[in-house]
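These figures come from a predicted structure and were not determined experimentally. Sequence lines set the chain letters: A, B, ... in the order given, protein chains first and strands last, and positions in each chain run from 1.
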There are 2 protein chains.
Amino acid sequence: MARALSTTGAQDAGAEHSAAAQDAGGALYRQVAADLREAITTGAYGEAGRLPAEGALAERYGVSRGTVRQALAVLRADGLVTSRRGTRRVVLGNARVQSFSELLSFTHWARSMGEEPGGRLESLIRRPADAAEREQLRLEPGAEVYVTLRLRTLSDVPVMVERTVYPAHVGQLVAQLPPDVVSHTEQLREHGILFTDADHTIDVVTANAEDAKLLGCRRGAPLLRERRRTTDPTGRPVEWSQDRYLPGTVAFSVHNSLATSALSRHARADD
Amino acid sequence: MARALSTTGAQDAGAEHSAAAQDAGGALYRQVAADLREAITTGAYGEAGRLPAEGALAERYGVSRGTVRQALAVLRADGLVTSRRGTRRVVLGNARVQSFSELLSFTHWARSMGEEPGGRLESLIRRPADAAEREQLRLEPGAEVYVTLRLRTLSDVPVMVERTVYPAHVGQLVAQLPPDVVSHTEQLREHGILFTDADHTIDVVTANAEDAKLLGCRRGAPLLRERRRTTDPTGRPVEWSQDRYLPGTVAFSVHNSLATSALSRHARADD
DNA sequence: CAGATCAAGTTGGCCAGCCAACTTTGCTGA
DNA sequence: TCAGCAAAGTTGGCTGGCCAACTTGATCTG
């Protein structure tokens with residue numbers, strides 16, 4: 001992000017925070033968003049400080065007001081700033097949140113915390129999909145799926161049991177991976193399988209015999225469960241996964257607002 | 001949403017679904033979004049069907065392409081459709097999701113499911129805020145808070161224990177409410193306290209003696225915990241709440257994508 | 001027949017401008 | 001002194017236009 005200006009007075013706080021955000025994305029609005037995010041998280045505008053006006057930012061970055069608004073929409077969606085008519089935007093929090101890849105990939109998440117992720121493939125089988133799996137992965141009757149069971153560790157400590165169902169075209173690739181490969185997600189990306197959208201459901205379940213054995217907990221012990229269905233850019237489901245975490249190892253965090261939201265609370269009818 | 005047109009061929013699927021979406025919001029793009037959402041959730045475009053082109057929608061609704069794009073951005077954020085350059089948008093799922101108010105207000109959520117929400121105020125005290133509370137609610141040292149403890153029920157069955165901390169200016173209002181009022185949120189809105197942004201963290205905890213007594217479970221039994229900090233339009237915190245649900249009564253659901261996301265997974269350092 | 005090429009269709013991105021709605025501030029006048 | 005009002009500042013919303021990047025399907029070519 002190239003831009004240089006006066007830097008006089010509190011108004012101009014975020015004037016030189018282009019360090020970490022040089023090539024945050026090809027699109028201008030992403031670069032602006034990254035630069036502003038950097039400024040906000042480093043506290044350049046203060047705890048509940050006010051951002052410069054859209055027009056001022058447009059001039060500073062040498063872009064149109066529309067582009068600035070696009071950038072600010074990103075920050076608003078992430079819960080970094082408020083936004084209401086008539087007054088400047090206000091800094092809400094200094095959250096981090098890279099988020100999408102962190103949520104999708106255990107490996108990516110672990111590394112972003114500086115932990116050492118591990119994974120041991122317990123089993124991988126191929127079999128016809130049952131009704132629920134066909135529903136989730138949008139498969140034809142008789143279609144086959146690949147089912148993996150993996151124990152995930154942080155610094156060699158068991159943390160999570162992962163049961164994933166892949167449709168055939170993805171499962172074929174997974175089956176060819178070495179059993180000790182840490183990140184399936186990254187390997188699949190290399191082979192052209194992209195993850196772009198995911199639906200998550202979070203609740204509590206009790207450990208079954210298999211969970212207990214792998215995680216080293218009692219049978220019946222509570223586990224935090226995350227179920228996830230992931231789709232590629234074309235909208236085709238590529239993964240249906242159920243992760244069970246030992247309590248105390250993770251928490252899920254989400255921001256929502258009247259402006260943008262995609263979170264909801266369900267009754268537990270389904271299973 | 002007023003618009004009437006040809007209705008010939010599959011292309012024109014969503015041509016007459018203006019029923020539930022007439023006055024979805026003053027803004028045009030919200031009306032368009034509501035109309036399209038209605039069409040999608042009723043299956044007018046099929047399971048993985050393709051939406052009409054932006055230009056076609058613009059003509060159909062009599063608005064500019066920019067407005068249509070704004071509407072589609074809403075649907076994309078909700079995970080209803082994909083969106084990539086070069087090809088029509090594809091229907092992802094037929095999820096419901098009104099979401100924000102449902103997540104914020106137990107009462108609103110319960111009613112949207114057709115259940116009868118109840119609430120019993122167990123205690124309400126006023127005391128100086130501790131360090132954590134000052135941090136969360138951004139209060140000055142020495143500031144006072146109001147703390148409520150409520151047992152929440154669905155059709156008279158205990159479901160959740162809610163512990164909420166309010167800053168003084170909100171707590172004063174809460175303290176004046178009758179102890180049997182069901183929805184604090186709605187009452188506060190009447191008094192001009194608006195909830196617009198919220199940060200949620202979801203994990204598992206074990207029931208303490210108080211939880212066990214109120215919910216009728218064993219001490220040490222697992223509970224699904226949601227912690228929530230809510231702010232008003234100006235960015236001022238108005239509520240910090242900790243809800244503990246009996247397992248099997250709720251699940252939290254979230255959509256995220258490379259395009260828009262606000263969800264992340266944390267290590268459990270804090271408490 | 002398979003592969004490469006091309007053209008049309010579609011979304012992403014950016015710009016410039018305009019007005020409405022709302023907030024804040026400062027001034028005016030009782 | 002205080003209430004009311006006016007003006008300036010700011011974001012929300014919408015339009016119209018332009019080009020680039022990408023996808024898809026048809027066509028051409030070896």
Ionic contact status for A:Glu239 with A:Arg228, cut-off 4.0 Å:
yes
Does A:Glu140 pair with A:Arg134 as a salt bridge, N-O distance under 4.0 Å?
no
Nearest-Å distance for atom pair [atom1]/[atom2], residues [X] and [N]:
| X | N | atom1 | atom2 | result |
| --- | --- | --- | --- | --- |
| B:Arg50 | D:dT23 | CZ | P | 13 Å |
| B:Leu28 | D:dG16 | CG | P | 12 Å |
| A:Glu59 | C:dA16 | CD | C1' | 15 Å |
| A:Gln70 | D:dT11 | CD | P | 16 Å |
| A:Leu72 | D:dG12 | CG | P | 8 Å |
| B:Glu54 | D:dT15 | CD | P | 14 Å |

Is it true that A:His255 and A:Asp78 share a donor-acceptor pair across their side chains at a distance under 3.5 Å?
no
Can you see whether B:Ser83 engages B:Arg89 through a side-chain donor-acceptor pair at a distance of less than 3.5 angstrom?
yes
Any N/O donor-acceptor pair, B:Arg65 side-chain to C:dG12 base, under 3.5 Å:
yes
Minimum-distance nucleotide to [X] side chain [options: [options]]:
| X | options | answer |
| --- | --- | --- |
| B:Arg76 | C:dG12, C:dC14, D:dT11 | C:dG12 |
| A:Tyr29 | C:dG13, C:dA16, C:dT11 | C:dG13 |
| A:Arg30 | D:dT15, C:dG13, D:dC14 | C:dG13 |
| A:Arg88 | C:dT11, C:dC14, D:dT10 | D:dT10 |
| A:Arg89 | D:dG12, C:dG13, C:dT10 | D:dG12 |
| B:Arg84 | C:dT11, D:dT24, C:dT24 | D:dT24 |

Of B:Arg85 and A:Gly66, the one whose closest nucleotide on DNA chain C sits nearer the 5' end is B:Arg85
Whichever of B:Gly55 and A:Thr87 has the more 5' nearest nucleotide on DNA chain C, that residue is B:Gly55
Under 4.0 angstrom, heavy atoms only, what part of the nucleic acid is A:Arg69 near: base, sugar-phosphate, or nothing?
base
Heavy-atom side-chain contact between B:Leu72 and B:Leu75 under 4.5 Å:
yes
Taking the nucleotide of DNA chain D with the nearest heavy atom to each, does A:Thr234 or B:Thr67 sit closer to the 5' end?
B:Thr67
